[in-house]
Colleague: 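Following this message is one structure expressed as structure tokens.
The structure presented is a predicted model; accordingly, all values stated were derived computationally and were not measured.
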Amino acid sequence: MQIKRYEAATLQEAMMKVKNDLGPEAVVLSTNRSGRGKNAVFELTAARDRGALPPAGGKPRMPGAKGVLPETIVETPDRHDGLAGIRQDLAEMKSLLAGFQDSRLLHEEFAELKDTLEDLLSTAGYRLDGRSDGPWQKIYRRLIAGGLSRPKAWKILQAARQETGGRVEHLEGGISAAASIVKRAIRIPGAQDRMARVQVLVGPTGVGKTTTVAKLAAYYALQKRKKVALVTMDTYRIAAADQLKIYADIMGLPMAVASEKTALKKALGRFEDFDLLLVDTPGKNRSDMAYMEKLQDALKGEEAPEKHLLLSLTSSREASLDAASRFGRFSYDSLILTKADECCNFGPLFDVIETVEKPVSFVTNGQAVPQDIEKADPEKLAGLIVRGSVH
Ligand SMILES: Nc1nc2c(ncn2[C@@H]2O[C@H](COP(=O)(O)OP(=O)(O)OP(=O)(O)O)[C@@H](O)[C@H]2O)c(=O)[nH]1
Ligand SMILES: [Mg+2]
């Protein structure tokens with residue numbers, strides 16, 4: 001293990017030195033910032049396994065170099081005071097993150113640092129700005145109260161301020177500007193997008209997968225006049241298949257049970273002349289990786305399905321982001337948001353939508369089948385996120 005210490009005026013410079021000197025395998029052990037403003041110095045201790053490859057294009061190591069060899073590279077810091085400095089740090093963090101995508105560990109460390117810094121910027125920064133800025137502070141507080149994370153609330157506010165030139169007479173003007181920023185960030189599937197014949201619903205336990213399959217079946221069969229069949233892959237829970245069968249019988253739709261790859265292929269063949277196959281999957285807790293792999297494998301058929309991740313609006317931001325990341329292996333095409341009727345804080349939804357960067361296809365808002373489902377409407381969702389209501 002080779003450990004070295006670097007100093008530079010900016011964290012980005014220090015990181016570049018690490019990368020150039022120790023290569024992409026280097027691990028940052030600690031970071032420290034001393035001094036403020038022009039006197040700020042970033043100290044970074046990094047290590048690299050001696051067995052790791054030398055940096056691409058870097059200097060070859062001197063033969064005979066041995067042991068821990070601390071090295072200090074000091075450069076004259078040139079920084080600005082206050083908020084500008086924090087902003088610059090943030091920009092540096094972002095560019096660093098982009099450059100280090102290949103190192104997961106480093107990526108996570110910087111993501112955490114970035115969050116902390118953004119948090120600082122959005123609270124302390126706001127106070128640093130000092131001046132009274134009409135309704136903006138009220139709007140900012142309102143967004144936070146609605147469950148938005150501070151960095152996201154700050155981002156929306158900045159964009160709204162910019163768009164209006166910072167000049168709004170009334171609170172409502174600022175809120176409308178914020179709502180339109182949020183609306184633009186919410187994507188829905190395009191009207192022209194081709195819909196795959198096989199549609200699979202995945203998601204954590206109890207989010208409403210089976211109920212939503214039934215609602216969608218009714219929507220497509222009764223309203224869109226499509227020839228619909230149902231398939232359930234849920235053979236894990238007792239009576240899980242029966243739950244869907246009851247809906248299938250009521251609607252007069254055929255249903256197949258297919259717990260694994262071969263059975264699924266067979267079911268797709270059986271329903272060859274159907275327009276649409278809606279596939280329900282079992283909910284699994286987060287530790288069941290073996291099942292996730294099995295399901296992923298089963299869905300890798302010749303007929304590429306469209307996959308939708310269901311997230312309950314009653315879940316916390318952390319739980320939703322965790323599910324979004326865990327189910328990321330399925331490369332899902334859209335989000336279906338469930339239980340809007342039970343949600344009283346829509347702020348975290350914005351964080352999720354912005355992070356996941358997927359369109360929202362449907363929103364469910366009650367237990368009743370078939371009526372409690374609607375196509376996602378960005379304006380409505382933006383209203384819920386910014387105002388807490390659709391109006
Ligand atoms: N309030 C409300 N309840 C819902 C909604 N959608 C589903 N539910 C309820 O949530 C519970 C779970 O629904 P399921 O459809 O069985 O959920 P699931 O994801 O299939 O569950 P597992 O298969 O066990 O993972 C049921 O009581 C549903 O009635 C909704 O939009 N609003
Ligand atoms: Mg189910």
Colleague: Please confirm whether Y6 and F42 have ring centers closer than 6.0 angstrom.
Modeller: no

Colleague: Of the non-hydrogen atoms in A185 and F350, which two are nearest, and what is the gap between them?
Modeller: CB-CE1, 3.7 Å

Colleague: May I ask you to decide if E342's main-chain N or O and T314's side chain share a donor-acceptor pair within less than 3.5 Å?
Modeller: no

Colleague: Any Lys/Arg nitrogen of E357 or R187 sitting under 4.0 Å from an Asp/Glu carboxylate oxygen of the other?
Modeller: no

Colleague: Please say whether more than 12 non-hydrogen atoms of neighbouring residues, nucleotides or ligands are located less than 6.0 Å from CD in Q162.
Modeller: no

Colleague: Is it true that a side-chain atom of R161 and a backbone atom of I156 form a donor plus acceptor pair closer than 3.5 Å?
Modeller: no

Colleague: Strictly distance-based, threshold 3.5 Å: is any side-chain N or O of K215 a donor or acceptor partner for the main-chain N or O of D372?
Modeller: yes

Colleague: Show, in sequence, the C-alpha distance, side-chain angles and deciding distance for Y220 and D275, and conclude whether the side chain to side chain contact (heavy atoms under 4.5 Å, CB included) test is met.
Modeller: CA-CA 10 Å; Y220 286 115; D275 303 323; over 6 Å; no

Colleague: For E272, does the CD atom have more than 12 heavy-atom neighbours from other residues, nucleotides or ligands under 6.0 Å away?
Modeller: no

Colleague: Check for a donor-acceptor pair, side chain of T338 on one end and backbone N or O of V207 on the other, with a separation under 3.5 Å.
Modeller: yes

Colleague: Is a salt bridge present between K380 and E374, judged by a nitrogen-to-oxygen distance below 4.0 Å?
Modeller: yes

Colleague: Grab the two heavy atoms, one from Y332 and one from A324, that are nearest each other, plus how far apart they are.
Modeller: OH-O, 3.0 Å

Colleague: Mind running side-chain hydrogen bond (donor to acceptor under 3.5 Å, both in side chains) on E260 and T262 for me, showing each step along the way?
Modeller: CA-CA 6 Å; E260 40 67 54; T262 319; 3.3 Å; yes

Colleague: Within a strict 4.5 Å, meaning less than it, do heavy atoms of the R387 and E172 side chains meet?
Modeller: yes

Colleague: Check for me, please, whether F271 and L201 land in the same ILVMFWY cluster - side-chain distances under 4.5 Å, paths through other members count.
Modeller: no

Colleague: Under 3.5 Å, is there a donor-acceptor pair between the side chain of E7 and the main chain of V41?
Modeller: no

Colleague: Indicate yes or no: at least one non-hydrogen side-chain atom of P305 is less than 4.5 angstrom from one of Q199.
Modeller: no

Colleague: Between R197 and E303 (salt bridge meaning N to carboxylate O under 4.0 Å), is one present in this structure?
Modeller: yes

Colleague: Taking the side chain as C-beta and beyond, is there a heavy-atom pair between R142 and L171 under 4.5 Å?
Modeller: yes

Colleague: Distance check, rounded to the nearest 0.5 Å: F330 atom CZ versus L295 atom CG?
Modeller: 4.0 Å

Colleague: So R141 and K138, do their side chains get closer than 4.5 Å, heavy atoms only?
Modeller: yes

Colleague: Rounded to the nearest 0.5 Å, what separates atom CG in L222 from atom CE in M251?
Modeller: 7.5 Å

Colleague: Between D280 and K209, does any NZ, NE, NH1 or NH2 come within less than 4.0 Å of an OD or OE carboxylate oxygen?
Modeller: no

Colleague: Could you grab the distance from atom OG of S176 to atom CD1 of I181, nearest 0.5 Å is fine?
Modeller: 11.5 Å

Colleague: So, K358 and D333, do they make that salt bridge, N to O below 4.0 Å?
Modeller: no

Colleague: I'd like to check L337 versus F362 (side-chain heavy atoms, cut-off strictly below 4.5 Å). Are they in contact?
Modeller: no

Colleague: A267 and V231: which non-hydrogen atoms are nearest, and at how many Å?
Modeller: CB-CG2, 4.3 Å

Colleague: Of all heavy-atom pairs between L253 and V228, which one has the smallest distance, and what is that distance?
Modeller: CD2-O, 3.6 Å

Colleague: Can you name the closest pair of heavy atoms from E13 and A8 and give their distance?
Modeller: CB-CB, 3.8 Å

Colleague: Assess the residue pair I373 and N365 against the criterion (side chain to side chain contact (heavy atoms under 4.5 Å, CB included)); give the C-alpha distance rounded to whole Å, side-chain angles, the decisive distance to 0.1 Å, and a yes or no.
Modeller: CA-CA 6 Å; I373 187 163; N365 49 17; 5.7 Å; no

Colleague: How about L381 and L349: do any of their side-chain heavy atoms sit closer than 4.5 Å?
Modeller: yes

Colleague: For V213, is there any backbone N or O sitting under 3.5 Å from a side-chain donor or acceptor partner on Y247?
Modeller: no

Colleague: Donor-acceptor pair, D341 side chain versus G366 backbone, under 3.5 Å?
Modeller: yes

Colleague: Hey, does the side chain of S361 reach the backbone of I336 with a donor-acceptor pair shorter than 3.5 angstrom?
Modeller: no

Colleague: Knowing that exactly one of E354, E163, E379 qualifies, which makes a salt bridge (charged side-chain N to carboxylate O under 4.0 Å, His left out) with R184?
Modeller: E163

Colleague: Is a side-chain donor or acceptor of T212 paired with a backbone partner of G208 at a separation under 3.5 angstrom?
Modeller: yes

Colleague: V202 and L230: same hydrophobic cluster, using ILVMFWY side-chain contacts below 4.5 Å?
Modeller: no

Colleague: Quick one: CE on M195 to NZ on K224, what's the gap to the nearest 0.5 Å?
Modeller: 9.5 Å

Colleague: What pair of heavy atoms forms the shortest contact from L264 to A298, and how long is it?
Modeller: CD2-O, 3.6 Å

Colleague: Drop me the distance from S259's OG to M233's CE, to the nearest 0.5 angstrom.
Modeller: 7.0 Å

Colleague: Roughly how far, to the nearest 0.5 Å, is CG of D297 from NZ of K294?
Modeller: 10.0 Å

Colleague: How about NZ on K261, more than 12 heavy atoms from neighbouring residues, nucleotides or ligands closer than 6.0 Å, or not?
Modeller: yes

Colleague: So do I353 and V360 actually touch side chain to side chain, heavy atoms under 4.5 Å?
Modeller: yes

Colleague: For the pair K4 and L22, evaluate side chain to side chain contact (heavy atoms under 4.5 Å, CB included) and give the outcome as yes or no after the intermediate values.
Modeller: CA-CA 9 Å; K4 285 189 167 191; L22 296 181; 4.0 Å; yes

Colleague: Kindly say whether M16 contributes a backbone atom to a donor-acceptor pair with the side chain of N20 at under 3.5 angstrom?
Modeller: yes

Colleague: In terms of side-chain geometry, is the basic nitrogen of K227 or D273 positioned less than 4.0 Å from the acidic oxygen of its partner?
Modeller: yes

Colleague: Quick one: does L311's side chain get under 4.5 Å of L309's, heavy atoms only?
Modeller: yes

Colleague: Could you go through I385 and I186, starting from their C-alpha distance and side-chain angles, then the distance that decides it, and tell me whether this counts as side chain to side chain contact (heavy atoms under 4.5 Å, CB included)?
Modeller: CA-CA 11 Å; I385 290 166; I186 303 172; 4.1 Å; yes

